[in-house]
Amino acid sequence: MKGLLLSLLISCVIFCDTTAQNSVTSTDGYVTITEVPEQGVLLKGQWKFHDGDDSLWASVAYDDAAWKKDSTHLRGSQFSGIGWFRMHLRFDSSLTETPLAVVLEQTGASEVYINGKLMCDLGLVSKNGKEEERYNPQGQPIPFNFKPGQDLLIAVRYSNHNWIRSYDDNGNKLPGFHVLLVNSGIFSYAIIEQTALVSIVSGFLFGFFIALGLAHLFIYFFYRNYRGNIYYFIFLALLSHYILFVYFTTSVHNMQMMDYYFIVTKTLFPFFFISMMALVYSFYKEKFPRFIKAMAVVALINGLFLLLNIPGAALLLFFVSVVCTIETLRSVIVAVIRKQKGSRFLAAGVLVFGLFILLVAVVSAATGGFFIHDSGMAGFILLMLCLLCVMSIPLSMSVYLAWNFALTSKDLGLKLREVEDLSAKTLEQEKEKQKILETQKEMLETQVHERTAEINQQKHIIEEKNKDITDSINYAKRIQDAFLPAKELKYRLFPDAFVLFQPRDIVSGDFYWFSEKNGTKLIAAVDCTGHGVPGAFMSMIGNAYLNEVVNEKGITEPGSILNELRARVIQSLRQTGSEGQSKDGMDIALLSFGAGDSSVRFSGANNPLWKCSMENGQWELTEFGANKRPIGYYLGQNLPFESHEVPLKKGDTLYIFTDGFADQFGGPKGKKLKYKQMKELLLSIQDKPMQEQETILSQTFNAWKGPLEQVDDVLVIGVRI
């Protein structure tokens with residue numbers, strides 16, 4: 001990858017040609033040329049070099065005796081970036097009719113002078129590296145005329161300010177150049193022939209691999225279960241890139257552009273081996289090991305080193321390439337040993353590749369280099385071997401993929417025939433089932449008809465019973481409503497008040513109670529155990545006992561009323577506290593208003609009293625707690641219920657209630673409304689009349705409940721003083 005194919009025609013002289021040097025002799029500072037063979041004469045060893053730049057150094061009259069003799073293949077310590085080379089030539093008279101030219105192989109920029117005359121600019125030579133334009137002549141001959149016996153001075157002004165980076169990172173040659181003296185007629189034809197050969201071979205290989213890669217890419221798009229196709233596409237795309245790179249190196253003259261392209265090529269180089277390894281893994285392994293990811297990370301680090309000009313990039317590139325190649329060979333060998341399917345195809349490609357590499361190594365060791373510069377049969381055979389090497393692994397992988405695809409198609413064909421046979425059997429079984437089902441269908445229709453008639457009859461009976469039950473409950477509601485205080489009594493006793501009463505079922509376990517005895521007005525909010533019919537029975541018992549205790553016995557003290565009420569409930573329900581007995585009872589909040597509105601007496605069983613009053617220009621809510629025990633049997637039944645004296649002033653509002661309002665589930669998250677929100681709601685509507693407060697409470701409750709079911713009976717009583 002380092003050399004350019006056209007420059008091989010020049011470089012082969014260095015390594016392979018020893019006879020050409022016999023046509024060159026050196027005496028008294030002059031190089032005498034007696035013969036110019038077909039492969040040309042490499043001018044080396046008799047050059048005089050001077051670092052720096054001076055236009056006088058091109059002159060024939062300039063005395064260069066003090067200059068140091070050196071090769072044009074410089075070392076970094078001798079070269080500051082620009083310098084001059086001079087060589088004095090003499091030609092044998094036998095070369096009079098031979099058209100001669102010089103050819104430079106370089107990676108820098110140069111100006112060629114013959115006898116003080118500028119013959120050719122190869123790039124732009126400059127003392128400033130930013131202005132320098134490096135140029136690759138690609139075998140461009142520079143013809144010149146000479147006379148027999150005449151001395152000839154070749155002076156080369158040369159600059160290469162980028163040689164250090166080119167050598168260290170890109171793998172280019174050391175600074176300097178090679179000069180080849182050639183027969184311009186023969187050499188020009190060889191250049192044309194070589195360029196055509198490179199173009200044809202590169203174009204064929206590039207088109208072949210790209211077409212093959214695209215075919216497998218399309219196969220992957222339509223069949224993604226097999227990932228080998230996408231890895232093969234990546235492998236061929238990278239291989240095509242390197243073939244295109246070979247073509248560019250024989251066509252592009254701008255060395256700056258080639259440097260960047262070469263960096264990209266070297267960055268992608270390890271991924272070529274990684275993709276080859278991944279492809280082999282996809283053939284024989286279901287899961288990729290972490291080793292591939294590790295190599296990909298190292299390859300990325302190598303690319304970063306190249307971009308940042310960090311030493312060590314070449315070492316990383318060599319490491320990844322060698323390790324991935326060894327692992328690929330190991331995987332193929334293991335597959336052959338285990339006799340895995342298709343392994344012989346891959347092994348054949350790897351074997352051909354290995355034999356060719358061995359041949360190259362032997363030839364290189366014997367001749368000092370390996371170049372295709374013979375246009376005869378030997379060159380043709382060697383070129384065919386090169387093509388076989390390049391195409392051996394891709395072709396073997398293509399054969400494997402085609403064989404695997406054919407094998408898969410064959411398996412699918414067998415499976416398809418099995419499916420067809422199974423489908424035929426299934427169809428026969430389905431026909432038999434249809435016959436059985438048709439026979440059973442008539443029997444089922446008869447049974448369904450009989451069963452439907454039976455269900456309809458039972459439905460009619462249930463509907464009749466439900467109607468009877470519903471009628472009974474509705475009648476019970478009328479009885480319960482008859483027990484509740486009349487509206488006239490409420491408005492007479494408490495003209496500025498409201499009662500929000502919303503049972504969960506037709507009948508309710510909550511009830512409200514009003515009474516007046518000996519000038520004392522009483523009001524209660526009662527929550528009996530349960531709801532529906534059981535709660536309604538308890539509410540009737542509680543209502544009867546309240547009337548008996550207050551209206552018949554004349555007790556108006558709230559605590560005493562609750563003590564009497566508890567004793568009667570325990571006695572009537574025969575509650576002794578033994579296991580399995582009923583724990584029915586009721587919670588109550590009871591208010592007793594004496595003469596005047598300066599205070600109210602309160603007593604409660606689990607249910608509190610809330611008072612809203614104006615304090616310091618704003619409404620405040622005060623809670624008066626109840627005794628934490630019900631009206632019914634309780635472990636602390638001997639403890640009496642307490643009465644509280646609650647001071648009042650005009651404009652105060654009193655609220656007693658059951659737990660149904662605060663315990664209702666609803667809202668955006670389906671949670672309980674809770675007492676905190678109930679308090680905030682009451683404080684926000686204190687400026688509203690009592691009837692409007694009832695409407696707001698009812699609307700708020702229903703909006704909060706939404707589509708959810710009501711969980712309990714709701715009772716809220718408000719009285720404004």
Measure the spacing between [atom1] of [X] and [atom2] of [Y] and express it to the nearest 0.5 Å.
X: Leu422; Y: Gln429; atom1: CG; atom2: CD; value: 8.0 Å
X: Arg134; Y: Ser126; atom1: CZ; atom2: OG; value: 13.0 Å
X: Glu111; Y: Asp121; atom1: CD; atom2: CG; value: 5.0 Å
X: Ile114; Y: Leu100; atom1: CD1; atom2: CG; value: 9.5 Å
X: Cys324; Y: Phe319; atom1: SG; atom2: CZ; value: 8.5 Å
X: Met119; Y: Ile142; atom1: CE; atom2: CD1; value: 8.0 Å

Regarding Glu327 and Arg330, does a basic nitrogen lie under 4.0 Å from an acidic carboxylate oxygen?
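Judged by the 4.0 Å cut-off on N to carboxylate O distance, Glu327 and Arg330 do form a salt bridge.
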Is any side-chain heavy atom of [X] closer than 4.5 Å to a side-chain heavy atom of [Y]?
X: Ile154; Y: Tyr113; value: no
X: Val320; Y: Phe271; value: no
X: Thr265; Y: Phe272; value: no
X: Arg86; Y: His88; value: yes
X: His161; Y: Asn128; value: no
X: Val298; Y: Asn302; value: no
X: Ile230; Y: Leu217; value: yes
X: Ile301; Y: Phe305; value: yes

Working for side-chain contact (heavy atoms from CB on, under 4.5 Å), residues Ile292 and Met277
CA-CA 8 Å; Ile292 287 186; Met277 181 174 59; 3.8 Å; yes
Atom of [X], atom of [Y] and distance for their closest heavy-atom approach:
X: Ser110; Y: Tyr158; value: CB-CD1, 4.1 Å
X: Ala109; Y: Glu132; value: CB-CG, 4.4 Å
X: Val280; Y: Ser331; value: CG1-CB, 3.8 Å
X: Pro137; Y: Leu122; value: CG-CD1, 3.8 Å
X: Val103; Y: Pro141; value: CG2-CA, 3.8 Å
X: Ala299; Y: Ile274; value: CB-CD1, 3.9 Å

Ring pair (Phe, Tyr, Trp, His ring centres under 6.0 Å) partners of Phe85, counting only residues at least two apart
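By the ring pair (Phe, Tyr, Trp, His ring centres under 6.0 Å) rule, Phe85 matches Phe49, Phe177.
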Test ring pair (Phe, Tyr, Trp, His ring centres under 6.0 Å) applied to Phe206 - qualifying residues, sequence neighbours left out:
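Per chain and number, Phe206 pairs via ring pair (Phe, Tyr, Trp, His ring centres under 6.0 Å) with no residue.
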Over 60° means perpendicular and under 30° means parallel, so classify the ring planes of Phe273 and Phe269, tilted if in between.
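Rings of Phe269 and Phe273: perpendicular, over 60°.
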I'd like to know if the side chain of Glu133 pairs up with that of Tyr135 as donor and acceptor (distance under 3.5 Å, no hydrogens or angles considered).
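Absent: no donor and acceptor within the cut-off.
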Val419 vs Ser423, side-chain contact (heavy atoms from CB on, under 4.5 Å): CA-CA, chis, key distance, verdict
CA-CA 6 Å; Val419 170; Ser423 298; 3.9 Å; yes
Would you check if the side chain of Glu35 reaches a backbone N or O of Pro37 as a donor-acceptor pair within less than 3.5 Å?
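No, the answer is negative, given that no donor and acceptor are paired below the 3.5 Å cut-off.
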Is there a donor-acceptor contact under 3.5 Å from the side chain of Ser184 to the main chain of Ala101?
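Looks like no, no N/O pair under 3.5 Å.
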Apply side-chain contact (heavy atoms from CB on, under 4.5 Å) to Ile82 and Arg157, showing your working.
CA-CA 8 Å; Ile82 187 170; Arg157 181 185 178 218; 4.1 Å; yes
Tell me if the aromatic rings of Trp67 and Trp84 count as close, with their centers under 6.0 Å from one another.
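Aromatic pair excluded; centres sit 6.0 Å or further apart.
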